[in-house]
Amino acid sequence: MSQITITTPDDWHLHFRDGELLNETVPATARCFRRAIVMPNLAPPVRNRTEAMAYKERIVAATPTGSPFEPLMVLYLTNQTTAEDIIEACGKDIPAAKLYPAGATTNSDAAVSAIESLYPIFEAMSEAGMLLLIHGEVTDPETDIFDREKLFIDQHLAPIHARFPKLKIVFEHITTADAADFVLDANDMLAATITPQHLLLNRNDLLVGGIRPHNYCLPVLKRNTHQQRLREVVASGSSKFFLGTDSAPHAKHTKETACGCAGCYSAWGALELYAQVFDDLDALDKFEGFASFNGPDFYGLARNTGHVTLKRESWTMPEEIALPNGDSIVPFFAGQTLNWQIT
């Protein structure tokens, strides 16, 4: 097969950041995605409708002229979130709220310190029809970083899912066989996003031969057996899994430090990277469902009507992307060859 055409896809999990960086990140995503779920972990975070709409205006201002791209906004759940915040915000333009355990990832210091205290908020979300997006890791410093996702399932996700059976939950950027199997065994109110890095890489790609900071993300890459399980579930065509890049830009100098930032900036080749995975798995017939159908179906939104065509043609991901302020970003898969390209 030398060419594939799919319904225009959406990215159901990404980070645009803010300020001047929007002029890089928004066009990079708008080139191939019709919609995107925009993470709210700014500093300060996006906590209510007013803040979400102000952030949306800044994203729209950075969208290329004539582009149909639409950002979908998300609230950041804190210990101060109220049911009124949920009721006021819930709607097509703010379909979800995000649970970050405090300290789990970039700009998560304002997040939830006691998850059970949010149960009244989850009840309000369930009644309002707002989705709960979860970064599923425990943050106990005594817990091995490679075990954080499994323990979160046991300690928090399973009880939440059992307590609120009508609450739609997206277990975001899953990284383990434990997470994949939990989602498969759960009812239709639980789904998951999977990133290109967790399908393409495992922890050897982070640690063998020296630490590779541009492959460092949270949740961290896991052993190859977990990577293979994620590849199996996307190749199966299960509707419970869909595209969410977790594209997260950081300037090169902040990644290449003694305490490097977590995040892979995949927007420059996101769709092409996923196509390469499905091609390698001999599962290109399942690609459109994963990229274009499963996400909007789970969110209860209409599928897109346009199309995107990719051709089998080799190209090389840039080594760096220059920013107007003089900084640069090293994109995910920098300097490596990809076999598919958007026409």
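Quantities reported herein were computed from a predicted structural model and do not represent experimental measurements.
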I'd like to know if the side chain of [X] and the backbone of [Y] have a donor-acceptor N/O pair within less than 3.5 Å.
{"X": "Thr81", "Y": "Leu77", "result": "no"}
{"X": "Glu88", "Y": "Arg49", "result": "no"}
{"X": "Ser236", "Y": "Val233", "result": "yes"}
{"X": "Lys255", "Y": "Gly263", "result": "yes"}
{"X": "Glu320", "Y": "Ile329", "result": "no"}
{"X": "Arg34", "Y": "Pro68", "result": "yes"}
{"X": "Arg312", "Y": "Met1", "result": "yes"}
{"X": "Asn215", "Y": "Leu206", "result": "no"}
{"X": "Arg31", "Y": "Trp268", "result": "yes"}
{"X": "Asn304", "Y": "Gly306", "result": "no"}

Taking the six-membered ring of [Y] (Phe, Tyr or Trp), confirm whether the NZ or CZ of [X] is under 6.0 Å from its centre and within 45° of its axis.
{"X": "Arg203", "Y": "Phe146", "value": "yes"}
{"X": "Arg163", "Y": "Phe122", "value": "no"}
{"X": "Lys168", "Y": "Phe298", "value": "yes"}

Pairwise distance [atom1]([X]) to [atom2]([Y]) - rounded to 0.5 angstrom:
{"X": "Glu20", "Y": "Thr25", "atom1": "CD", "atom2": "OG1", "result": "12.0 Å"}
{"X": "Lys150", "Y": "Gln155", "atom1": "NZ", "atom2": "CD", "result": "9.5 Å"}
{"X": "Thr175", "Y": "Ile194", "atom1": "OG1", "atom2": "CD1", "result": "10.0 Å"}
{"X": "Ile342", "Y": "Leu310", "atom1": "CD1", "atom2": "CG", "result": "5.0 Å"}
{"X": "Leu301", "Y": "Arg35", "atom1": "CG", "atom2": "CZ", "result": "5.5 Å"}
{"X": "Glu272", "Y": "Asp279", "atom1": "CD", "atom2": "CG", "result": "13.0 Å"}

Proximity of [X] and [Y] rings by center, below 6.0 Å:
{"X": "His173", "Y": "His198", "answer": "no"}
{"X": "Phe16", "Y": "Tyr55", "answer": "no"}
{"X": "Phe290", "Y": "Phe278", "answer": "yes"}
{"X": "Tyr100", "Y": "Tyr76", "answer": "yes"}
{"X": "Phe69", "Y": "Phe33", "answer": "no"}
{"X": "Tyr299", "Y": "Trp12", "answer": "yes"}

Which atom of [X] lies closest to which atom of [Y], heavy atoms considered:
{"X": "Leu199", "Y": "Gln227", "answer": "O-NE2, 3.1 Å"}
{"X": "Lys98", "Y": "Ile134", "answer": "CE-C, 4.0 Å"}
{"X": "Pro27", "Y": "Leu22", "answer": "CD-O, 3.4 Å"}
{"X": "Ala158", "Y": "Phe182", "answer": "CA-CZ, 3.8 Å"}
{"X": "Gly269", "Y": "Trp315", "answer": "CA-CH2, 4.3 Å"}
{"X": "Gly335", "Y": "Glu319", "answer": "CA-OE2, 3.5 Å"}

Candidate list Val308, Thr5, Ile6, test side chain to side chain contact (heavy atoms under 4.5 Å, CB included), partner Glu288, passing option: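 It is Ile6, the one option of Val308, Thr5, Ile6 that forms the side chain to side chain contact (heavy atoms under 4.5 Å, CB included) with Glu288.
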- prompt: So which of Val183, Leu167, Asn187 actually passes side chain to side chain contact (heavy atoms under 4.5 Å, CB included) with His161?
  reply: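 Result for side chain to side chain contact (heavy atoms under 4.5 Å, CB included) with His161: Asn187.
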Compute whether any side-chain donor of one residue and acceptor of the other, for [X] and [Y], lie under 3.5 angstrom apart.
{"X": "His15", "Y": "Asp246", "value": "yes"}
{"X": "Thr176", "Y": "Lys222", "value": "no"}
{"X": "Ser292", "Y": "Thr7", "value": "no"}
{"X": "Gln228", "Y": "His226", "value": "no"}
{"X": "His250", "Y": "Arg17", "value": "yes"}
{"X": "Tyr265", "Y": "Glu24", "value": "yes"}

Examine [X] and [Y] and state if one hydrophobic cluster contains both, with Ile, Leu, Val, Met, Phe, Trp and Tyr joined whenever side-chain heavy atoms are less than 4.5 Å apart.
{"X": "Val208", "Y": "Phe333", "answer": "no"}
{"X": "Val60", "Y": "Val74", "answer": "no"}
{"X": "Leu14", "Y": "Val330", "answer": "no"}
{"X": "Ile86", "Y": "Met189", "answer": "no"}

Are the side chains of [X] and [Y] in touch, meaning some heavy atoms are under 4.5 Å apart?
{"X": "Tyr216", "Y": "Ile211", "result": "no"}
{"X": "Glu313", "Y": "Thr343", "result": "no"}
{"X": "Ile169", "Y": "Leu157", "result": "yes"}
{"X": "Ile94", "Y": "Met130", "result": "yes"}
{"X": "Asp297", "Y": "Ser239", "result": "no"}

Taking only Lys NZ, Arg NE, NH1 and NH2, and the carboxylate oxygens of Asp or Glu, determine whether [X] and [Y] approach each other closer than 4.0 Å.
{"X": "Arg58", "Y": "Asp18", "result": "yes"}
{"X": "Arg229", "Y": "Asp181", "result": "yes"}
{"X": "Arg47", "Y": "Asp85", "result": "no"}

message: Is it the case that atom CG in Asp188 sees more than 12 heavy atoms from other parts of the structure closer than 6.0 Å?
response: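 Count not over threshold, so no.
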- prompt: In this structure, which one of Thr245, Thr29, Thr193 forms a side chain to side chain donor-acceptor pair (under 3.5 Å) with Asp11?
  reply: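 The passing option is Thr245.
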message: In terms of relative ring orientation, are Phe164 and Tyr119 parallel, tilted or perpendicular, with 30° and 60° separating the classes?
response: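 It falls in the perpendicular class, over 60°.
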message: Val170 vs Phe242, test: side-chain contact (heavy atoms from CB on, under 4.5 Å). Steps then yes/no.
response: CA-CA 10 Å; Val170 181; Phe242 43 89; 4.2 Å; yes
